[in-house]
Amino acid sequence: MNCAAVGVGLRAPHISDVLARPKSAAFFEVHAENYMGGGPARAVLRHLRQDAPISLHCVGLSLGTDGPIDRAHLLRLRSLVHEVQPFVVSEHLAWSCIDGVYLNDLCPVPYTEESLALIAAHVGETQEALGMRILIENPASYVSFAQSSLEEAEFLSQLCSRTGCGVLLDVNNLYVASRNIGLDMRAYLRTLPPSAVRELHLAGHHRTDVEGRPLLIDDHGSAVQPEVWELFAETVEVLGTRPTLIEWDSKMPQYEVLLAEAAKARRELSAAEGRAQCAP
Amino acid sequence: MRTLKEVQRAIQRFVIGDDDASGDAGLAQAPFAVAARLRVYRHHFFLSLTEALAAVYPVVSRIVDEHFFVWLAHEFLRANPPRDPRLSQYGGSFALFIERFAACKGLPYLADVARLEWALHESLHAPDEAPLMPGALRSLGDPRSLRLPFLQSVRYLDSPWPVARIWTWHRDQSEGGSPLVLERRPTHLEIRRMADAVGFREIDPASYSLRSALAGGGTLSDAASAANWIDPDFNLALALGELIADGVLADANVKASSCLQDDHVVEERAADGADQTLGERALSGERGAVRGSAMRMPFTRRRNSAP
């Protein structure tokens, strides 16, 4: 994928727009779990993949679970990958399931050697099953753990070197986490190995007040905030240009609004292209 | 130091509603409001899954008051959190929960409306399969022990209530429409997906008992006996011809292109089959359909709004 390519996250309300204009974005990213059955959803993906590159973004592997990976789910993902032939597959640095119960969310893990060994094993198992490298996305954090012994960027870097996986750097998540739990964004960007970062995400967030203090919620329900655009520019400056995705999940706007955000990201990437390194 | 499993169990307990569990999650105190921050996950759990239930059960959520539905959904969620990473698989036991939920006793048909909506939902998401072509049945051997493979998108459902009419009336509910008359009247439904839409139709009780027994994995001779018991004049040859012509059978020799695991499918089928009882003759001809638009599906979302 071209390093200045900008895709959009395909969500249900925009399916007919996207089928009518499959060239309106450089690629489309879908949540893999929404396309694991048959019927009209699967048909949409089967149709769209003929006209546009597809990225499969998983939300259900629960790589951070202290327990075995759900093999049946991994096999479903493998079948989908074989059929759709995505140019990239990604998951999250998170867990959603413990003791067989799913929380339908991306919950945080403490950054310890124990977590690192476990997640590395799960990433390895996934990559082996799929026969390809996957990307792991940094979380939008609301809490951190007393027992964490590694910085998040260090944790991700070690995960990459142990498993050969890459990083999907969600710039909005990085901003949200820096405000909520005090991650140092500048140090973060300089800790990640540039060659490991293979995709960027951009989305809006929402500010709420908790006990009189601001807490940023990664709701994907608005345009990308100016501060996140600034961090995006800095990210590209430090790491190089990368295929970038616009995500929007709640309070869905018209498809044109997503395309306008994508155009803005494309301008940023083009402006940086002369100066910055593309992914090797 | 807590093990990862201890941390995850504590967070899970907190998310599903146990306030006391936040102290066991090993969260860093800095900078502020630890429990309030953890509530972001709880809020998302209840809101996103309530929305998912409302998407699968639009008519149930219309029949009851909006606030009641949220309460019902939350009670259901606490007792039946998801056991599958696919959001589309969530909510299959909602009908049973409604049936046993004391506050729903005044709406005795509500559980069957939920069963119908779940059947429509399952049909919409069922794997894509090749239908059996007419003529292919000739080579299948002894009819007495014959078992016919149904498409997984085909479902059978019966109710002592006119559940099809109730569903359609509430879906189309508008000011000044004709009132809904609620009286017990057995209904036998065939639910299926055609192109990108799912829908249902009423079928006569004898055909229902034949088709539902076959779909539940019964042999042709057992299914035919069941149909004959309902209707002594039941014409099996005619009924089989219709069955094939209707395109509800699967070609077992063609592999499904979807990736649902076979063992899942068998379990679902068995559960369906066990649920069926024989009823009296019903009027046929009432049909309902919902567009199979992706809008109806409970699609995953990454994060909801603030608590």
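Everything numeric here is computed off the predicted structure, so don't read it as measured data. Chain A is the first sequence line, chain B the second, and so forth, proteins listed ahead of strands; every chain is numbered from 1.
Here CH2 of A/Trp248 is found 12.0 Å from CG of A/Leu202. Values are rounded to the nearest 0.5 Å.
Proximity to chain B is limited to the side chain of A/Asp70, based on heavy atoms less than 4.5 angstrom apart. For a residue to count as touching a neighbouring chain, one of its non-hydrogen atoms must lie under 4.5 Å from one of that chain's; by this rule B/Leu77 does not touch chain A. With a 4.5 Å cut-off on non-hydrogen atoms, B/Arg83 touches chain A through its backbone and its side chain both. Contacts of A/Leu216 with chain B are absent, with no heavy-atom separation under 4.5 Å from either backbone or side chain. Heavy atoms of B/Arg2 lying under 4.5 Å from chain A belong to its backbone as well as its side chain.
Aromatic rings of B/Trp71 and B/His74 (six-membered ring for Trp) have centroids beyond the 6.0 Å cut-off, not under it.
With hydrogens and angles disregarded, no donor-acceptor distance shorter than 3.5 Å links the side chain of A/Gln158 to the backbone of A/Leu116. At least one donor-acceptor pair under 3.5 Å links the side chain of B/Gln8 to the backbone N or O of A/Gly64.
When the candidates A/Ser96, A/Pro108, A/Ala43, A/Ser148 are compared by the number of heavy-atom contacts under 4.5 Å with chain B, A/Pro108 comes out ahead. Among the candidates B/Gly26, B/Ala25, B/Pro81, B/Ser123, the residue making the largest number of heavy-atom pairs closer than 4.5 Å to chain A is B/Gly26.
Of the options A/Arg42, A/Arg78, A/Arg49, a salt bridge (charged side-chain N to carboxylate O under 4.0 Å, His left out) to A/Glu83 is made by A/Arg42 and by none of the others.
Residues passing the side chain to side chain contact (heavy atoms under 4.5 Å, CB included) test with A/Ser16, sequence neighbours excluded: none.
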